[in-house]
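Values below: all heavy atoms of this structure, side chains included; hydrogens, waters and symmetry mates excluded. Quantities reported herein were computed from a predicted structural model and do not represent experimental measurements. Every chain is numbered from 1 and lettered A, B, ... according to where its sequence line falls, protein lines coming before strand lines.
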Amino acid sequence: MSEFLAMGGHGPYVWSAYGVTLAVMVYNAWAAYRHQANALARLQQAGEEQETRAKPTVRQIG
Amino acid sequence: MNAVPMRSRLWRAFHQLGSPPYVYRLAGRLAPWLGVASCVLLAVGAFWGLVLAPPDYLQGNSFRIIYIHVPSAYLSMGGYVLMAVAAGIGYIWRMKLAHGVAVCVAPLGAWFTALALVTGGIWGKPTWGTYWEWGDARLMFELLLLFLYIGYMVLRMSFDEREKADRVSALLAVVGVVNVPIIHYSVEWWTTLHQGPTLIREGGPSITMDMLIPLLIMLAGFSLFFGWLLCKRLQGEILRRERRTRWVQNLAVEAAA
Amino acid sequence: MLDVVRQILLRDLRLAFRRWSEMATPLIFFVIIASLFPLAASPDEAQLRSTGAAVIWMSALLSSLLALDGLFRADSEDGSMEQLILGPAPLGLVVFAKIVAHWAVSGVPLLVLAPLAALSFYLPLTALPELIAALALATPTLSVLAAIGAALTVSLRAGGTIIGLLILPLTGPVLIFGTRATELAALGEPVAGPLYLLASVAVLAVSLGPPITAAAVRTALE
Amino acid sequence: MTSLEVRRGGIGLLRDLSFKLSPGQTALVTGANGSGKSSLLRVIAGLAVPAAGRIDWRGSAVHRLPPEDRGEIAYLGHLDGLKQEFTVDENLEFCRSFWKGREPVEPLVAEMRLESYRHRNIRRLSAGQRRRVALVCMRLKPARLWLLDEPLTNLDTRGTEVVIEWLKGHAAEGGIAVVSTHRPKRLETAASIEVAL
């Protein structure tokens with residue numbers, strides 16, 4: 001098993017590369033999930049912004 | 001019913017893609033499938049690449065890094081093209097949703113570009129003895145691509161009004177994607193000039209069949225994973241962009257219940 | 001059609017000469033970088049000659065970037081850009097004329113200054129014609145790219161700082177072909193290859209640049 | 001203009017505003033600061049695109065007007081659109097040639113009492129004088145639609161009277177105008193409809 005890990009001397013490079021890749025993937029997965037989750041959460045307590053002003057009035061002069 | 005000509009059904013589909021609630025639900029339905037499929041593929045591909053595939057006769061085991069370097073490099077470029085196409089559609093047809101897709105793709109593309117850079121660097125160490133090998137055109141290209149991504153995201157963040165941020169950064173994305181092939185060619189031209197054809201041609205000296213299969217599996221796994229990430233981020237983005245609409249309000253109520 | 005270009009060109013050139021100090025700073029910047037470099041590096045001839053091409057091209061790149069930051073900002077701040085957008089002339093042409101005006105003010109002087117800088121890097125005299133030819137083909141592309149950057153950031157307060165980040169990756173090819181042309185010239189070898197490449201990139205930039213820049217200005221000032 | 005909606009910075013400013021102007025009519029846009037007067041004028045001019053609704057000028061949507069037809073719309077915003085480094089004459093001359101105007105410059109300059117400043121740089125003029133030069137520049141354009149955003153700012157009484165005269169003359173010749181102001185009293189004599197935001 002240990003020689004498999006050593007990979008003929010290239011072990012550290014191969015495993016560090018795979019390790020970094022795994023880390024980046026997991027981080028992105030977590031970030032994407034959190035991105036969606038807190039967007040939903042922020043919705044609940046988002047106050048109702050004043051949407052649009054009253055309808056303008058048009059009147060004739062003279 | 002199939003009297004409806006193909007063209008108008010396509011147009012309706014394209015039109016449907018424009019409506020946020022439809023896309024939100026579509027992304028919701030797709031996400032689990034993409035997630036599961038990508039995990040399976042990645043597991044199989046990684047196992048196959050690390051254990052079953054033979055080491056390269058020239059570079060030994062360090063060659064196994066190709067199974068993650070090449071897919072992330074492809075995603076980095078594919079991601080930029082997807083971002084530019086989405087931004088272009090958003091700009092021309094003024095589809096807010098397309099801009100939403102471009103916003104979500106950018107960070108993902110940047111991450112995979114960084115990944116391609118790191119794995120390429122690590123791979124360079126045993127084969128050329130240095131982490132940063134100027135001779136390898138691909139690393140140089142990935143670096144410039146990373147700057148393009150960062151430039152896009154920085155430009156987008158410096159606008160406070162979302163509408164303008166979308167449209168101006170869309171133009172930068174289009175300008176960028178026009179330049180990508182030129183940069184690719186010039187970097188390639190530059191490296192063959194300085195160092196002669198390097199040991200590693202595009203796909204590796206000689207990809208035998210049993211090396212190619214895990215590579216393709218990993219490529220599929222990476223792409224589906226990218227798709228899953230995109231679905232999740234897109235849902236978040238749609239919620240944030242459409243937070244004042246009715247369907248989002250009652251969605252929030254449902255989620256809270 | 002052409003009189004629109006002529007009007008805008010004359011206007012911008014006259015404007016540039018009225019504010020000549022603004023016009024001169026990028027060029028002085030170029031000379032300073034080119035002359036300061038030997039202080040940083042060792043003054044020995046062989047090394048300077050090999051890095052000379054790179055320094056000249058890098059400083060040409062940065063100075064044309066610096067020169068074009070104000071291209072649209074000044075007009076947008078006093079409202080004349082809005083008038084140009086609404087004017088009866090196609091905006092692409094107006095932008096093309098502005099880019100040509102600024103190229104004449106920032107790019108062409110480089111053709112004069114660069115040979116001086118080249119001499120300070122012991123580049124052989126025979127290499128000067130090729131250097132000027134390469135710069136003549138490259139500076140239009142640089143001007144167009146800087147104009148796109150200036151247009152994208154015209155409505156931003158800190159616009160000037162991020163133009164570099166947006167545009168520098170795009171100047172990669174010009175830098176690569178340009179330095180290569182100068183190195184070949186220094187060795188006295190034929191320079192046709194990189195020059196053709198520079199020319200093709202320039203044609204692409206000058207034809208696609210103005211419409212994109214016009215769209216960028218219109219969108220930024222919406 | 002039908003069921004127009006204008007948004008600025010993501011905030012809805014006004015909703016389904018519809019009105020039609022025929023030749024000879026002038027619309028007065030009134031409302032407090034920030035009520036969307038300027039945004040409305042910018043949208044009518046074609047600088048910005050409305051969030052919803054359409055603005056038609058002689059049948060085609062304003063922001064898709066081909067360049068040669070844009071000469072018919074003259075827009076004057078808060079900014080005067082003049083180059084500081086140029087003199088009054090140089091600015092007016094450029095404006096006249098760029099917009100292919102046919103009006104002679106002298107009478108307009110005389111009306112706005114700018115004769116003695118013709119060779120002075122814009123930078124050295126007062127805000128009121130600059131506004132008058134911008135108004136002359138607007139008059140030089142062969143425009144049938146005038147879009148004036150707070151034209152009276154910084155103007156003295158004489159200047160205001162001249163502007164009102166010009167508006168009436170423009171309407172008499174069958175021109176159309178949309179003028180925004182937050183002091184409607186003075187301009188009401190020249191207006192035919194009022195749009196209160």
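- With a threshold of 4.5 angstrom between heavy atoms, Leu47(D) approaches chain C through its backbone and through its side chain.
- Counting only N and O atoms by type, the side chains of Gln83(C) and Trp99(D) include no donor and acceptor under 3.5 Å apart.
- For the set Lys100(D), Lys83(D), Lys141(D), the count of heavy-atom pairs under 4.5 angstrom toward chain C peaks at Lys83(D).
- A heavy-atom distance below 4.5 Å is found between the side chains of Leu9(C) and Val100(C).
- With a 4.5 angstrom heavy-atom cutoff, Tyr75(D) touches chain C via backbone and side-chain atoms both.
- Between chain D and the residues Val4(C), Asp75(C), Leu10(C), Asp3(C), the most heavy-atom pairs under 4.5 angstrom are made by Asp75(C).
- Glu72(D) does not touch chain C: none of its heavy atoms, backbone or side chain, sits under 4.5 Å away.
- Contacts of Arg18(C) with chain D are made by side-chain atoms alone, with heavy-atom separations under 4.5 Å and no backbone atom involved.
- Between the side chains of Gln129(D) and Tyr117(D), at least one donor-acceptor pair of N or O atoms lies under 3.5 Å.
- Remark: the Glu194(D) side chain and the Thr30(D) side chain contain an N/O donor-acceptor pair separated by less than 3.5 Å.
- Remark: side-chain polar atoms of Thr153(C) are not paired, donor with acceptor, to backbone N or O of Leu156(C) under 3.5 angstrom.
- Contact of the Phe98(D) side chain with the Ile8(C) side chain is registered, since non-hydrogen atoms from C-beta on lie closer than 4.5 Å.
- Taking chain C as the reference chain and counting heavy-atom pairs below 4.5 Å, the highest number among Gly46(D), Gly81(D), Cys95(D), Ala74(D) is found for Gly81(D).
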